[in-house]
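Quick note: residue numbers are just sequence positions, from 1.
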Amino acid sequence: EPDGQVIAIANGEEITLGELNEEARARGLPIVSNGPLRDSVIRDLVDRKLLVQKALKQKLDRTPEHLLAVRRLTEMLLAQELIADTQNEADKPTDREVAAFIQANPRAFDQRVLLSVDQIGFAPVADSKLQSALTAAPTLDSIDQLLTGGGIARTRDVAQWDSANLAPDVIERLLTTGSSGTVVMPQGDRMIAARVLSVTPRPTLKADQPAVAREWIARQRTNTVFQQLVQRARAKAKIDYQPDFDPNRRGAAPQAR
């Protein structure tokens with residue numbers, strides 16, 4: 001019978017209080033003060049155990065796809081735990097640092113705006129003449145025509161951009177250009193041609209600004225720790241590539257993922 005730390009047994013498999021608490025933590029659910037919510041999580045745990053038992057009987061845990069997925073999840077979890085273990089209480093931002101961050105990033109706080117943008121996404125263009133023509137094109141329609149003439153696949157849609165998530169130089173270019181012109185810029189591994197349709201002020205509430213700033217600073221510091229760990233690991237590692245799969249073969253910088 002379930003007793004002590006064992007809260008349920010499904011076909012002989014125990015479900016512990018620790019599992020329940022971890023499940024709730026992972027979902028961000030306050031089950032301690034919410035009985036119905038806790039009952040729902042317990043039901044989900046039991047149902048998952050039953051499904052897993054059936055999957056194991058069918059030996060689905062032995063498929064190459066499953067083994068690769070497990071390996072990927074385990075590696076990601078261990079990397080996250082290493083980063084968390086490297087950080088400490090001293091990394092938490094002070095009130096002065098939070099205030100300085102808010103002042104240095106007005107477009108994420110008091111001057112935050114939402115932009116409705118007509119955008120075209122396309123792969124980077126190798127032809128230098130076409131690159132120049134795209135940059136000089138006066139309208140988004142003319143950019144669309146240039147891409148069509150060059151046989152370059154593209155997507156066009158209207159999206160909403162948040163100035164808090166844009167680099168300061170990008171948001172200023174967009175606001176300066178306005179709806180009368182276009183901006184062509186890189187976005188990840190693609191290029192984006194954009195025209196601003198409308199700008200809506202959406203300042204971050206004063207009461208929320210410190211918490212938002214702390215979260216941004218924490219993410220930046222986590223990324224810094226990640227980059228430092230990767231650089232140190234690469235400096236000591238011996239890495240061999242099959243020639244066709246060497247990411248550095250064209251002089252590209254190593255990409256940490």
Considering only heavy atoms from C-beta outward, does the side chain of Phe226 approach that of Leu229 to under 4.5 Å? no

Measure the shortest side-chain to side-chain distance between Asp39 and Arg43 over non-hydrogen atoms and say whether it is less than 4.5 angstrom. yes

Counting N and O atoms only, with roles assigned by atom type, does the side chain of Glu97 sit under 3.5 Å from a partner on the main chain of Thr94, one being a donor and the other an acceptor? yes

Please go through Ile192's hydrophobic cluster and name the other residues, only I, L, V, M, F, W, Y counting, with side-chain heavy atoms under 4.5 Å joining them. Val113, Leu115, Val117, Trp161, Leu166, Val170, Ile171, Leu174, Leu175, Val183, Met185, Val196, Val199

Is the shortest side-chain heavy-atom distance between Ile15 and Lys49 below 4.5 Å? yes

So, do Asp95 and Arg214 sit near enough that their side-chain heavy atoms are less than 4.5 Å apart? yes

Taking NZ, NE, NH1 and NH2 as the nitrogens, is one of them in Arg25 or Glu22 under 4.0 Å from a carboxylate oxygen of the other? yes

Apply the test side-chain contact (heavy atoms from CB on, under 4.5 Å) to residues Glu14 and Glu19: give CA-CA distance (whole Å), side-chain angles for both, the deciding distance (0.1 Å), then the verdict. CA-CA 10 Å; Glu14 296 179 347; Glu19 283 185 87; 5.9 Å; no

Ignoring hydrogens, what is the shortest heavy-atom contact between Gln53 and Ala10? Give both atom names and the distance. NE2-O, 2.9 Å

Give a yes or no on this: more than 12 heavy atoms of other residues, nucleotides or ligands lie within 6.0 Å of atom CG of Asp3. no

Straight-line distance of Thr155 OG1 to Phe122 CZ, nearest 0.5 Å: 10.0 Å

How far apart are the closest heavy atoms of Val98 and Pro93, and which atoms are they? CG2-CB, 4.1 Å

Whether Arg202 and Asp162 form a salt bridge (side-chain N of Lys/Arg under 4.0 Å from carboxylate O of Asp/Glu) is what I want to check. no

All side chain to side chain contact (heavy atoms under 4.5 Å, CB included) counterparts of Gln80, not counting sequence neighbours: Leu77

Please give me the minimum heavy-atom distance between Ser116 and Val158, naming the atom from each residue. OG-CG1, 3.7 Å

N/O donor to acceptor pairs below 3.5 angstrom from side-chain atoms of residues 141-148, sequence neighbours left out:
{"residue": "Asp141", "atom": "OD1", "partner": "Arg156", "partner atom": "NH1", "Å": "2.9"}
{"residue": "Asp141", "atom": "OD1", "partner": "Arg156", "partner atom": "NH2", "Å": "3.3"}
{"residue": "Ser142", "atom": "OG", "partner": "Thr139", "partner atom": "N", "Å": "3.2"}
{"residue": "Ser142", "atom": "OG", "partner": "Thr139", "partner atom": "O", "Å": "2.6"}
{"residue": "Ser142", "atom": "OG", "partner": "Thr139", "partner atom": "OG1", "Å": "3.1"}
{"residue": "Asp144", "atom": "OD1", "partner": "Arg154", "partner atom": "NE", "Å": "2.3"}
{"residue": "Asp144", "atom": "OD1", "partner": "Arg154", "partner atom": "NH2", "Å": "3.4"}
{"residue": "Asp144", "atom": "OD2", "partner": "Arg156", "partner atom": "NH1", "Å": "3.4"}
{"residue": "Thr148", "atom": "OG1", "partner": "Asp144", "partner atom": "O", "Å": "2.9"}
{"residue": "Thr148", "atom": "OG1", "partner": "Arg154", "partner atom": "NH2", "Å": "2.6"}

Would you say Gln119's side chain and Arg195's backbone share a donor-acceptor pair under 3.5 angstrom? no

Looking at side-chain heavy atoms only, is the closest gap between Ile7 and Leu20 below 4.5 Å? yes

Within this structure, what is the CD1-OG1 distance for the pair Ile83 and Thr222, rounded to the nearest 0.5 Å? 7.0 Å

Trace of the side-chain contact (heavy atoms from CB on, under 4.5 Å) decision for Thr182 with Thr177: CA-CA 7 Å; Thr182 62; Thr177 304; 5.8 Å; no

For Pro36, is there any backbone N or O sitting under 3.5 Å from a side-chain donor or acceptor partner on Ser40? no

Using a cut-off of 6.0 Å, state whether more than 12 heavy atoms not belonging to Gln103 lie near its atom CD. no

Do Lys206 and Asp208 sit within salt-bridge range, that is, some charged N less than 4.0 Å from a carboxylate O? no

Could you pull out all donor-acceptor pairs under 3.5 Å where a side-chain atom in residues 27-34 meets a protein atom, sequence neighbours excluded?
{"residue": "Arg27", "atom": "NE", "partner": "Glu23", "partner atom": "OE2", "Å": "3.1"}
{"residue": "Arg27", "atom": "NH1", "partner": "Asp44", "partner atom": "OD2", "Å": "2.9"}
{"residue": "Arg27", "atom": "NH2", "partner": "Glu23", "partner atom": "OE2", "Å": "3.1"}
{"residue": "Arg27", "atom": "NH2", "partner": "Asp44", "partner atom": "OD2", "Å": "3.2"}
{"residue": "Asn34", "atom": "OD1", "partner": "Leu37", "partner atom": "N", "Å": "3.0"}

Return the NZ to CG distance between Lys54 and Leu51, rounded to the nearest 0.5 Å. 9.0 Å

For Thr204 and Asp110: C-alpha separation, side-chain torsions, deciding distance, then whether side-chain contact (heavy atoms from CB on, under 4.5 Å) applies. CA-CA 6 Å; Thr204 304; Asp110 292 330; over 6 Å; no

Just by distance, do the side chain of Ser163 and the backbone of Arg112 share a donor-acceptor pair under 3.5 Å? no

Which atom pairs, one a donor and one an acceptor, fall under 3.5 Å between side chains of residues 56-68 and the rest of the protein, sequence neighbours left out?
{"residue": "Thr63", "atom": "OG1", "partner": "Leu60", "partner atom": "O", "Å": "3.2"}
{"residue": "Thr63", "atom": "OG1", "partner": "His66", "partner atom": "N", "Å": "3.2"}

In one Ile/Leu/Val/Met/Phe/Trp/Tyr side-chain cluster, 4.5 Å: Ile9, Ile42: no

Where do Val125 and Ile152 come nearest, in terms of heavy atoms and distance? CG2-CD1, 3.6 Å

For Arg38, all residues meeting salt bridge (charged side-chain N to carboxylate O under 4.0 Å, His left out), sequence neighbours excluded: none

Identify whether Val184 and Leu197 are in the same connected component of the hydrophobic contact network (ILVMFWY, side-chain heavy atoms under 4.5 Å). no

On the 0 to 90° scale, with breaks at 30° and 60°, tag the Trp216-Phe101 ring pair as parallel, tilted or perpendicular. tilted

What pair of heavy atoms forms the shortest contact from Ile102 to Pro210, and how long is it? CD1-N, 4.2 Å

Do the side chains of Phe109 and Ile217 join up, straight or via other hydrophobic residues, at under 4.5 Å, putting them in one cluster? yes

